[in-house]
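Numbers restart at 1 for each chain; the letters A, B, ... are given by sequence-line order, proteins then strands. Source: prediction; values computed, not measured.
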Number of protein chains: 2
Amino acid sequence: MYIDFIRENQVIKPDIVFVANLAGVSPATVSRVMNHPELVHPETRRKVELAVEKSGYIRNRAAQAMHGRRSATIGLVVPTVANTIFAEVVQSFNDTVSKEGFTLLLASHGYDLDREYRLIRKLLEHRVDALAVVGLDHSPGTFRLISGQRMPLLAIWNYLPDAPLPCVGVDNCEAGRLAAEHLVALGHRRIGMVFPETSNNDRARDRKKAATAAFIAAGIELPQRWQITAPYSIAQAKAACLELLEGEDRPSALLCANDVIAQGAIYAAARLGIAIPDSLSVIGIGDFAGSAQMEPALTTVRIPAQQIGTAAGEEIVTAVSRCDPDRMIRRRVELELIMRTSTGLAPELIARGQST
Amino acid sequence: MYIDFIRENQVIKPDIVFVANLAGVSPATVSRVMNHPELVHPETRRKVELAVEKSGYIRNRAAQAMHGRRSATIGLVVPTVANTIFAEVVQSFNDTVSKEGFTLLLASHGYDLDREYRLIRKLLEHRVDALAVVGLDHSPGTFRLISGQRMPLLAIWNYLPDAPLPCVGVDNCEAGRLAAEHLVALGHRRIGMVFPETSNNDRARDRKKAATAAFIAAGIELPQRWQITAPYSIAQAKAACLELLEGEDRPSALLCANDVIAQGAIYAAARLGIAIPDSLSVIGIGDFAGSAQMEPALTTVRIPAQQIGTAAGEEIVTAVSRCDPDRMIRRRVELELIMRTSTGLAPELIARGQST
DNA sequence: TGCAGAAATGAAAACATTTGCAAGACTGTT
DNA sequence: AACAGTCTTGCAAATGTTTTCATTTCTGCA
């Protein structure tokens, strides 16, 4: 099919002037057909489109980007895509911006903020039209880097009223508080918490702080031996919870940093034959895919990942098209406590209920 | 900090000539410092690096790509990233190519091959240095499009000895066969299968075909009422399995297209109080994150996603650096049956064992 | 000191496109 | 038929790099 364009054993990659010649017009006209079709006469347009078709021309975005125009790419930096956690938000964000003609440049740093800095630099080298990052916690270098650029930047997943960055997401403090208050309302007073290392993760940090505050406000003590650390991995969370739950002296409820950890906790309980929710309540945060279907179904604070991804995509697309990098929107997405069957009244209350 | 570079209220984005002037060298030298540092005198190099630092210069990959050099991007097209299915492979693929300085352009088509075509076109516009796609099933347009490009292309996830594309992955026929033979070996003869729509999904199709063949070879009939369809969603798979499993006339084993569906099946059984594996065996394919930790732990055919992602990343990086688009490697990654607690002897056999 | 060869640098062309400007081709009106 | 205005289109400059080639500078050796 492309045999016409092979000369002297050399494959000619059709460029805009090749197409122009083929159509009998100037390169400028071809460019206009690609970018502002309304400016060219319908008949000419048809001729050009035919030539494009015939030559198999694929326009070069690099050259376009070089001209100061848009690169039609958007950078997205996430801690990881391997877990369910961000996969959904990546998906819906991608869908949204893709619909508007943008392509996603994805980078993941594995909760390493130095690596994040380097990745963002690389994305800037590619002249992404906008940049989305997860969370509000970033290295000083990162903040310096992006403040030097005149480019829309958006933090997703987190919301804070006084965030230093435009953001679309949820209030993680509220998430922690909601989860804690639910356990308090059910009468639990012997409470364990399972969180990952919070030093590079503002989401986990906020949740933990707020949950702790809520418990203390309710006059509940949080013994150190029930505060454990596990990364966002079902396997490691399950292992950590097994250790915590075996033996007699265990909490009556577990507040988990997210649903992945909560899943691990539930499996650990199942393994040990601890009845949920009768002997142990487990609450997560996130409401990831599958949490609702588990048996027992997981009580959790729903973070509408899809909604966040879509909203973030919309915000970033409008920011790019308005060419207004300083638009400081902060959009808050609502949380919701989803009560399912993994939490129940504290065993103490049940016992008392039975004895009366 | 960048105040030096603001003139007449106009922010100057430092380009290579700006840096060159600042360092008192020519643009060519700056370019060399960035790309072939060994060619420039250490002292000059230091001066340039200082100027780069001072000006906050970020090199423009678009301009670089335009020069026919590499764009330093690799395109990856997946059906979806929302499920656990491909998330792991995306992650390890990204990690691998990122280590070599490439950035990932990600696109997802939601199992729509026409959309896949359009996305690939867009990636070509961005002049990705190489392209990876999932599976060997693609539209004729896609095949035509990529065969016209002289660019490394790699199919990941699937392996076929006579694949029309270079590929790195597993043999899905073998996966289906392994799963089926395991159930046969356990004595099951009343077998149900839960698969998604296979028209746009060669992986599911191969698995199903091979499993069916294995059952038939073992003289097992597959009544239509036990062959059900459910997409790769825990919720929908659970719903479909609930319907299949309630009532008396149900199979003794379920072969699921992947672990997501198997999870749904297990939850459905749990909901109905069907004992696994005593009354029902469930086998999946994939061994996704969490499958090992479930209670009961899922018996499955392990697809080493991480290994595939890494291997694919390596292959594609060498293909790019060798500039050899016609390198037709086909790399097969080994499957492994992982026996856990979700499968057991057929109830009929247990009963007979008890009666003797 | 002179010279060959190596090392370091600069000048300028090339890459594929977009767009401001200007010119040419129409349209309808007087 | 002349003219003003509107549509179309082409010319050419500009975009930010890389790289070839040529030139200059340096090094070691006679």
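With rounding to whole Å, B:L39 atom CG is found 14 Å from C:dG10 atom P. Here the P atom of nucleotide C:dC15 and the CD1 atom of A:I16 are 15 Å apart, to the nearest Å. Rounding to whole angstrom units, CG of residue A:N21 and P of D:dG10 are separated by 11 Å.
Among the heavy atoms of the strands, none lies under 4.0 Å from A:V30. A:H67 comes within contact range of at least one nucleobase, with a heavy-atom separation under 4.0 Å. Counting non-hydrogen atoms under 4.0 angstrom, A:S31 reaches a base of the nucleic acid. Within 4.0 Å of B:V25, counting heavy atoms only, lie sugar-phosphate atoms of the nucleic acid but no base atom.
Nearer to the 5' terminus of DNA chain C, by closest-nucleotide assignment, is the contact made by B:T29 (compared with the other of B:T29 and B:A63). Where A:M66 and A:H36 meet DNA chain C, the nucleotide closest to each residue was compared, and A:M66 sits on the side nearer the 5' end.
For A:N201 and A:D137, the side-chain atoms include no donor-acceptor pair closer than 3.5 Å. Between the side chains of B:T142 and B:S139, at least one donor N or O sits under 3.5 Å from an acceptor N or O. The closest side-chain donor-acceptor pair between B:D95 and B:Q91 falls under 3.5 angstrom.
One finds a side-chain N or O of B:N35 lying less than 4.0 angstrom from the OP1 or OP2 phosphate oxygen of D:dT18.
Side-chain atoms of B:A28 lie closest to C:dA11 of the nucleotides C:dA11, D:dT8, C:dA8. Of the candidate nucleotides C:dA16, D:dT9, D:dT17, D:dT17 has the atom lying nearest to any side-chain atom of B:Q64.
Between A:F86 and A:W157, the ring planes lie perpendicular to each other; the angle is over 60°, past the 30° to 60° tilted range.
The base of C:dG10 is paired with the side chain of B:R32 by a donor and an acceptor separated by under 3.5 Å. Not a single donor-acceptor pair, N or O on each side, falls under 3.5 Å between the base of D:dG16 and the side chain of A:R127.
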